[in-house]
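Predicted model only: the values in this text are computed from it and were never measured.
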Amino acid sequence: MYGQKKPSGLDELKVRLKEDRMGGAFLLWGAEEYTKDHYAEKIRKLGKSAPLPDFNYQVFDVENGTPGDFEEATFALPYLWDKRVIELRGLPPRKGKKLSTEEGAEYARVLSSLPEYLTVLLVLRAGEKEQGTEGFRAILQAFEKQGLSVEFETERGVQLVKWVAKHFASRGVQTEASLPQTLISYCGSDMYTLHGEIEKLCAVYEGKPLAERDVYTYCCANESGVFFDVAACMNRRDIVGAKRILSLLDMDRKDVTMAIGHLANNYQLMLLAQAGRAQGKNASKIAADHKLPTWKVEKAMSSLARMDMASLRYAISAIAQADQALKSGRSDPEGVLELLVYRICSYGGEAR
């Protein structure tokens, strides 16, 4: 195996599903929700596919149950089936709910000795794995040591393009080679959004390969999502990627002003997410506190992985200066936006 890439948790999960070796504890976590939900449902179906699914798929609420209740649930045998699934909910505990270190250790003990026919599933949303008490962390350690921990990272670049192309191919829909990348650039990289737009394009397919113009005709430009993707490119100093996305939007002076406003909102949201994370809050809690869509907070938290505070503050300052330049009426809008992208991409290193 020398020199070969170590298989990921997702690779191992695929193998176990294929070989029907799903006994044990499975933790699904990370920023990418679409694929995470896809595999979570595959695991749930191990119990839900039974003739009497209510007996073979159980949701166990940690906030309202005890380690003793959970252990008793693991003793139950499958009914008219060969598999049973218990999905844990209520983790991490909500603010004000307690999960002591001792309770966490008890859950961990139970997870270390599961019968072969039983699958225990825990699905965490973006940012939730880093939250919670010592008791919660003890449970996570048990999943990681005794079971399988699978991180779902945000798809981007070539892999996301392949994912879009695969969805068209699976429906027998032909496209021009450039269409998947155009769809991502125009609609954003959120896989749930892309899935909906793919369905639209498949519905209008009439045998002739779909072209870029079909994206602009039938799909919705997800401007908020698109500018998260522009910010993500700038955070990783990908000036070519940022400029490509912006070029597809065909903006006039008013549109450029709105674009800078979107960027300002996105970077301010990153600051808000950083402050919330420092207080031990997850994405859902931050979103609820500020009445924001959870997906936006999750996007912001994902972007923070590539940003330090100095770069974040610099980007906000650069956006403010660009906004002032536009409001003066003496600057070329496209030039202001291009300079802004270059300044943020090149801060602290060489722009690619």
Side-chain angles (χ1 to χ4, degrees), residues 8 10-11 13-15 17-18 28 30-46 48-49 150 152-233 236 238-252 254-256 258-259 262 293 295-296 298-299 302 334:
S8 67
L10 181 55
D11 293 331
L13 177 58
K14 291 177 180 178
V15 170
L17 282 166
K18 183 177 180 180
L28 310 188
E32 207 295 287
E33 303 294 354
Y34 180 91
T35 311
K36 186 196 308 176
D37 287 343
H38 172 76
Y39 282 97
E41 193 56 33
K42 278 182 174 287
I43 295 174
R44 294 181 186 113
K45 283 183 178 179
L46 297 174
K48 288 182 175 181
S49 298
V150 183
F152 291 84
E153 298 180 299
T154 302
E155 289 287 4
R156 56 172 59 89
V158 174
Q159 292 304 315
L160 187 56
V161 172
K162 288 182 178 179
W163 179 85
V164 172
K166 180 180 177 180
H167 274 264
F168 282 115
S170 68
R171 291 164 172 77
V173 174
Q174 295 180 312
T175 70
E176 292 183 353
S178 61
L179 185 139
Q181 180 61 67
T182 300
L183 183 65
I184 295 166
S185 298
Y186 191 65
C187 300
S189 61
D190 180 78
M191 294 173 80
Y192 271 113
T193 299
L194 289 172
H195 185 268
E197 299 301 333
I198 290 169
E199 292 292 337
K200 287 183 189 177
L201 291 171
C202 290
V204 300
Y205 177 67
E206 295 180 341
K208 183 179 179 181
L210 295 171
E212 288 188 4
R213 63 178 176 274
D214 294 311
V215 173
Y216 305 132
T217 301
Y218 300 108
C219 297
C220 298
N222 183 356
E223 293 187 350
S224 183
V226 163
F227 285 103
F228 268 115
D229 293 337
V230 173
C233 285
R236 62 177 181 265
D238 181 7
I239 191 170
V240 175
K243 290 178 68 175
R244 171 178 170 75
I245 294 173
L246 291 171
S247 68
L248 291 171
L249 299 180
D250 190 25
M251 295 180 289
D252 57 22
K254 181 180 178 181
D255 294 329
V256 170
M258 292 177 62
H262 279 301
W295 73 266
K296 285 192 174 184
E298 290 171 348
K299 282 269 193 181
S302 177
E334 291 185 3

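A distance of 10.0 Å separates CG of Leu10 from CD of Glu153, quoted to the nearest 0.5 Å. To the nearest 0.5 Å, atoms CD (Glu155) and CG (Asp190) are separated by 12.5 Å. Between atom CG of residue Leu183 and atom OG1 of residue Thr175 there is a gap of 9.5 Å, rounded to the nearest 0.5 Å.
The closest side-chain heavy-atom distance from Ile184 to Gln181 is below 4.5 Å. Contact annotation: the side chain of Leu13 approaches that of Leu28 to within less than 4.5 Å [non-hydrogen atoms, C-beta and beyond]. Contact of the Trp163 side chain with the Met191 side chain is registered, since non-hydrogen atoms from C-beta on lie closer than 4.5 Å. Between Phe152 and Tyr39 there is a side-chain heavy-atom pair separated by less than 4.5 Å.
Of all heavy-atom pairs spanning Leu179 and Ala211, the tightest one is CD1-O, 3.3 Å. Across Cys202 and Phe168, no two heavy atoms sit closer than the pair SG-CD2, 3.9 Å. Residues Tyr186 and Cys219 share a closest heavy-atom pair of CE2-O, 3.7 Å.
Within a 6.0 Å radius of CD in Glu334, no more than 12 heavy atoms belonging to other residues, nucleotides or ligands are found. Counted within 6.0 Å of NZ on Lys48, heavy atoms from surrounding residues, nucleotides or ligands total more than 12; the atom is thus considered enclosed.
For Lys166, the salt bridge (Lys or Arg N to Asp or Glu O under 4.0 Å) criterion is met by no residue, not counting sequence neighbours. Every residue meeting the ring-ring contact (aromatic ring centres under 6.0 Å, His included) condition with His195, not counting sequence neighbours, appears here in chain and number order: Tyr34, His167.
When only modelled atom types and interatomic distance are considered, Thr217 and Asp214 share no side-chain donor-acceptor pair under 3.5 Å.
The side-chain contact (heavy atoms from CB on, under 4.5 Å) with Pro180 is formed by just one residue from the set Ile198, Leu194, Val164, Leu160; it is Val164.
Applying the salt bridge (Lys or Arg N to Asp or Glu O under 4.0 Å) rule to pairs touching residues 192-207 yields Arg171-Glu199, Glu197-Lys200, sequence neighbours excluded.
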